[in-house]
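To start, the structure under review is shown below, and the notes come after it.
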2 protein chains.
Amino acid sequence: MLSDRQRCILHAIVDNYIRSAEPVGSRTISKREGLGISSATIRNEMADLEELGYLEQPHTSAGRVPSTKGYRFYVDNLIKPQNLSEEELANLKQIFVDRITHVEQVIEQTAAILSQVTNYTSVVLGPEIFEHRLKHIQIVPLNEQQAVAIVVTHTGRVENTLLDLPQDIPPSEIEKLVNILNSKLKDVPLWQLRQRLYREVASEMRRHVEPYEEMLVTIEEAFKNEGTDRIFLHGRAKIINQPEFRDVEKVKDLFELLEQNDQLIKLFNNRETGLMIRIGQENSIDVMKNCSIVTTSYYVDGKPVGTVGILGPTRLDYAKVIAVLDYLAMGLSRILTDAFEGK
Amino acid sequence: MLSDRQRCILHAIVDNYIRSAEPVGSRTISKREGLGISSATIRNEMADLEELGYLEQPHTSAGRVPSTKGYRFYVDNLIKPQNLSEEELANLKQIFVDRITHVEQVIEQTAAILSQVTNYTSVVLGPEIFEHRLKHIQIVPLNEQQAVAIVVTHTGRVENTLLDLPQDIPPSEIEKLVNILNSKLKDVPLWQLRQRLYREVASEMRRHVEPYEEMLVTIEEAFKNEGTDRIFLHGRAKIINQPEFRDVEKVKDLFELLEQNDQLIKLFNNRETGLMIRIGQENSIDVMKNCSIVTTSYYVDGKPVGTVGILGPTRLDYAKVIAVLDYLAMGLSRILTDAFEGK
DNA sequence: TGTTAGCACTCGACGACATTGAGTGCTAAA
DNA sequence: TTTAGCACTCAATGTCGTCGAGTGCTAACA
């Protein structure tokens with residue numbers, strides 16, 4: 001257990017390092033007002049904190065730098081909620097003023113502003129559409145062999161799939177099929193579509209549609225690729241501003257990571273809802289050992305549907321990022337809920 | 001006008017520099033077989049070539065480096081068509097083997113392979129859909145105030161727009177509207193939709209649809225945002241491999257450029273069709289002064305619909321890139337033509 | 001017993017300086 | 001016109017000494 005003074009010193013060190021990006025020495029801390037302690041005492045405490053694993057020393061005659069464990073303690077116990085400045089608030093509000101047309105645009109905007117305000121790389125996932133309910137399905141034949149299946153959700157999202165048609169299907173059969181699908185599957189959440197197709201629609205199809213088997217297989221195609229995760233990145237280049245990434249090699253690995261959407265989705269997909277912070281090695285990917293991720297969830301109608309977050313160096317302005325993320329996630333939730341529920 | 005020997009020397013210098021990324025000296029060229037000339041002679045010729053603006057010298061006691069003008073002469077006059085190696089061909093063919101589902105996937109794949117084979121950043125634009133013809137339009141009401149308009153083209157592409165409905169529209173009116181639109185506008189190219197709407201559909205609407213004015217404005221919305229250019233990037237991180245981008249600052253500017261889609265589209269949108277090469281300052285953007293762009297068009301049914309290209313350092317393996325681009329653009333054209341015309 | 005002043009020590013950063021070598025330009029001879 | 005030879009240039013590299021921020025330890029102090 002850390003003493004009050006140790007906590008205080010750790011706090012000061014982390015704060016300082018976050019601002020300066022340079023190892024902080026005992027004198028710097030001692031000069032900080034409020035603590036009437038000499039640098040020698042601080043040195044002793046620092047040595048203790050290092051032994052406990054909260055601090056690290058780049059080399060013998062340098063100041064101290066927080067370790068992953070140090071940052072962890074900092075975010076868990078020392079950070080206090082930060083209020084955003086007038087200016088930042090004004091910046092953030094921008095998004096919520098403009099009229100929304102497409103949901104995608106709001107998300108895109110959010111990512112852009114998030115990155116702009118924090119100066120880190122922003123990542124937004126989602127919104128998930130598994131929970132969305134089927135509003136309408138349509139099949140538009142393009143020629144004898146192909147058709148486009150279009151699924152509209154109650155939130156206004158449109159997904160489409162190219163289908164290969166069985167040989168010699170008259171348009172009338174397709175029309176019948178579409179009618180059955182719309183009457184039977186309306187308001188069904190997308191993730192249930194396939195199972196409901198077999199359980200409830202198949203029998204009806206067998207009676208009215210010919211050729212039954214092939215059509216069933218075809219239409220299943222249309223329900224397959226729903227829910228592909230969407231990912232929005234902004235401010236990739238911001239990483240380069242960080243002094244810890246002056247080395248070209250490190251930047252390279254990170255940029256390679258930023259191109260692999262599947263990896264990113266794994267990293268940012270926030271299984272628990274709410275605020276998540278992963279610091280340095282906690283990310284378990286080697287490239288990320290000098291990086292932290294902060295994410296939070298956003299909601300539609302109270303249900304978590306996506307993730308908004310940032311990627312930055314472990315030396316991250318956690319307090320500010322958390323404040324900004326909270327604010328944005330709240331705003332996003334409100335806007336999306338309004339939009340999806342039809343105001 | 002350059003003498004044969006000068007051309008030969010210029011050729012050798014550019015070739016060498018492309019491979020080594022280091023200023024090439026007179027001795028290096030003289031040792032190259034085939035030219036029985038001493039290094040002193042080469043030095044004289046080099047001085048001449050420099051005076052003519054084809055070469056540059058980083059500093060007095062260094063070898064020569066091609067200038068923009070030098071590269072330009074090289075690609076215009078010295079390069080000879082290059083055949084791809086067995087291995088590269090095998091790599092490239094990959095894309096064309098797998099069955100296509102969505103057009104997007106083919107494009108995405110093309111960008112990926114292009115970047116992989118060349119080791120430069122690849123950019124694919126399009127395909128343009130202005131020329132695509134309307135196959136079907138559908139309006140799905142989500143609630144009292146909003147609806148989704150869905151436009152399907154004859155190529156199977158689906159575009160959707162969120163519409164604000166006028167107050168109190170009965171579904172029957174919407175249905176009437178959709179019927180009119182489908183009967184009047186079928187097979188019309190997308191870029192003509194708006195003008196045709198006013199010229200041919202408006203009068204019909206006035207007779208059958210109520211409220212006529214508001215509905216006209218609403219439906220126009222749906223035809224507005226068609227043809228948003230699509231851009232696919234791959235291998236951004238590859239830039240960092242280039243020795244000329246060891247400096248973090250230069251990389252930063254470039255990565256910022258790579259995040260601005262509108263800028264990229266301007267750069268890559270190849271107004272003339274066919275092969276285009278822009279070297280260094282020819283790009284007129286300052287960030288690009290050390291970069292070259294090579295693009296070519298791809299076609300559907302003989303009409304250019306998009307651009308495929310790469311972005312790399314001015315010290316670019318032009319011969320190889322041109323060969324790869326030609327091959328890919330041809331393949332892409334074939335696949336897309338097949339897909340769009342329904343085989 | 002905890003705190004602090006003092007001091008020797010460490011080590012990266014930085015600048016001065018010499019060395020090296022690839023490459024040039026010029027001159028004079030072939 | 002070509003080429004051998006030579007003096008010259010200049011980035012790159014390495015070595016060395018200095019500087020200073022920062023430490024750890026010890027001994028004195030409250």
Side-chain angles (χ1 to χ4, degrees), chain A residues 1-10 12-17 19-67 70 243-244 246-248, chain B residues 2-10 12-17 19-67 70 243-244 246-247:
Chain A
M1 206 42 217
L2 296 185
S3 72
D4 270 5
R5 198 168 66 185
Q6 284 174 318
R7 297 162 69 102
C8 194
I9 290 173
L10 181 56
I13 291 174
V14 178
D15 268 358
N16 230 287
Y17 186 62
R19 263 182 295 114
S20 71
E22 277 179 9
V24 347
S26 52
R27 231 178 93 78
T28 318
I29 303 299
S30 132
K31 270 191 300 186
R32 240 175 98 113
E33 300 176 55
L35 302 135
I37 329 177
S38 80
S39 64
T41 311
I42 309 248
R43 276 203 289 285
N44 289 330
E45 296 284 23
M46 277 169 139
D48 290 352
L49 283 169
E50 183 172 355
E51 202 164 342
L52 290 167
Y54 294 99
L55 296 177
E56 278 165 4
Q57 216 172 2
H59 53 88
T60 326
S61 71
R64 298 307 207 290
V65 162
S67 66
E244 38 268 85
R246 292 244 141 253
D247 183 14
V248 203
Chain B
L2 297 185
S3 71
D4 270 4
R5 198 169 67 184
Q6 284 174 319
R7 298 163 68 102
C8 194
I9 290 174
L10 182 56
I13 291 174
V14 178
D15 268 357
N16 230 286
Y17 186 62
R19 264 182 295 113
S20 70
E22 276 178 11
V24 346
S26 53
R27 232 179 90 78
T28 318
I29 303 300
S30 133
K31 270 190 301 187
R32 239 176 97 114
E33 298 176 57
L35 302 134
I37 330 177
S38 81
S39 63
T41 312
I42 309 250
R43 276 204 288 287
N44 290 328
E45 295 283 24
M46 275 168 140
D48 290 352
L49 283 170
E50 182 172 355
E51 202 164 342
L52 291 167
Y54 294 99
L55 295 179
E56 279 164 5
Q57 217 172 2
H59 54 87
T60 327
S61 71
R64 299 307 208 291
V65 162
S67 66
E244 39 267 87
R246 282 343 246 67
D247 183 14

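Protein chains get the first letters and strands the later ones, always in sequence-line order, with residue 1 at the start of each.
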Candidate nucleotides D:dT3, C:dC11, D:dT23, ranked by approach to the side chain of B:Asn44 - the nearest | D:dT3
Starting at atom OH of A:Tyr17, determine the distance to atom P of D:dG22, rounded to an integer number of angstrom.
-> 14 Å
Sugar-phosphate, base or nothing in reach of A:Thr41, heavy atoms under 4.0 Å | base
Could you tell me whether a side-chain N or O of A:Ser67 sits under 3.5 Å from a main-chain N or O of A:Gly53, the two making a donor and an acceptor?
-> yes
Check ion pair A:Glu50-A:Arg64 (N to O, under 4.0 angstrom) = yes
Flag the pair A:Leu2 / A:Tyr54 as yes when at least one side-chain heavy-atom distance between them is below 4.5 Å, and no otherwise.
-> yes
Quick one: which of C:dT3, C:dT4, D:dG24 gets closest to the side chain of A:Arg5?
-> C:dT3
Separation of atom CD in A:Glu45 from atom P in C:dT1, rounded to whole Å | 16 Å
Report the distance from atom CG of A:Asn16 to atom P of D:dG22, rounded to the nearest whole Å.
-> 10 Å
Let me know the distance between CE of B:Met46 and P of D:dT3, rounded to the nearest Å.
-> 15 Å
Per A:Thr28 side chain, nearest of listed nucleotides D:dG22, D:dT23, C:dT10 | D:dG22
Has the side chain of A:Arg64 got a donor or acceptor atom sitting under 3.5 Å from an opposite partner on the base of D:dG24?
-> no
Any donor and acceptor pair, going by atom type alone, linking the side chain of B:Ser20 with main-chain N or O of B:Asn16 inside 3.5 Å?
-> yes
Under 4.0 angstrom between B:Thr60 side-chain N/O and C:dT24 OP1 or OP2 = no
Among C:dC11, D:dT3, D:dA11, which nucleotide sits nearest the side chain of B:Ile37?
-> D:dT3
Can you tell me how far C1' of C:dG25 sits from CG of B:Asp48, to the nearest Å?
-> 13 Å
Just wondering, are more than 12 heavy atoms of other shown residues or ligands nearer than 6.0 Å to CG in B:Asp247?
-> yes
Among D:dA4, C:dT24, C:dC7, which is the nearest nucleotide to the side chain of B:Ala40?
-> D:dA4
Spacing of B:Arg43 atom CZ relative to D:dC8 atom P, expressed in whole Å = 16 Å
Examine the base of D:dT9 for any acceptor or donor lying under 3.5 Å from a partner atom in the side chain of B:Ser61, and report the outcome as yes or no.
-> yes
Expressed in angstrom and rounded to an integer, what is the separation of B:Leu55 atom CG from C:dT24 atom C1'?
-> 14 Å
Taking the side chain of A:Ser26 as its heavy atoms from C-beta onward, which of C:dG12, D:dC10, D:dT23 lies nearest to it?
-> D:dT23
Per atom distances to the A:Gln57 side chain, the nearest of D:dT23, C:dC11, C:dT3 is D:dT23
Does any donor-acceptor pair link the side chain of A:Ser38 with the base of C:dT4 at a separation under 3.5 Å?
-> no
Quickly work out the B:Arg27 CZ to D:dG5 C1' distance and round it to whole Å.
-> 14 Å
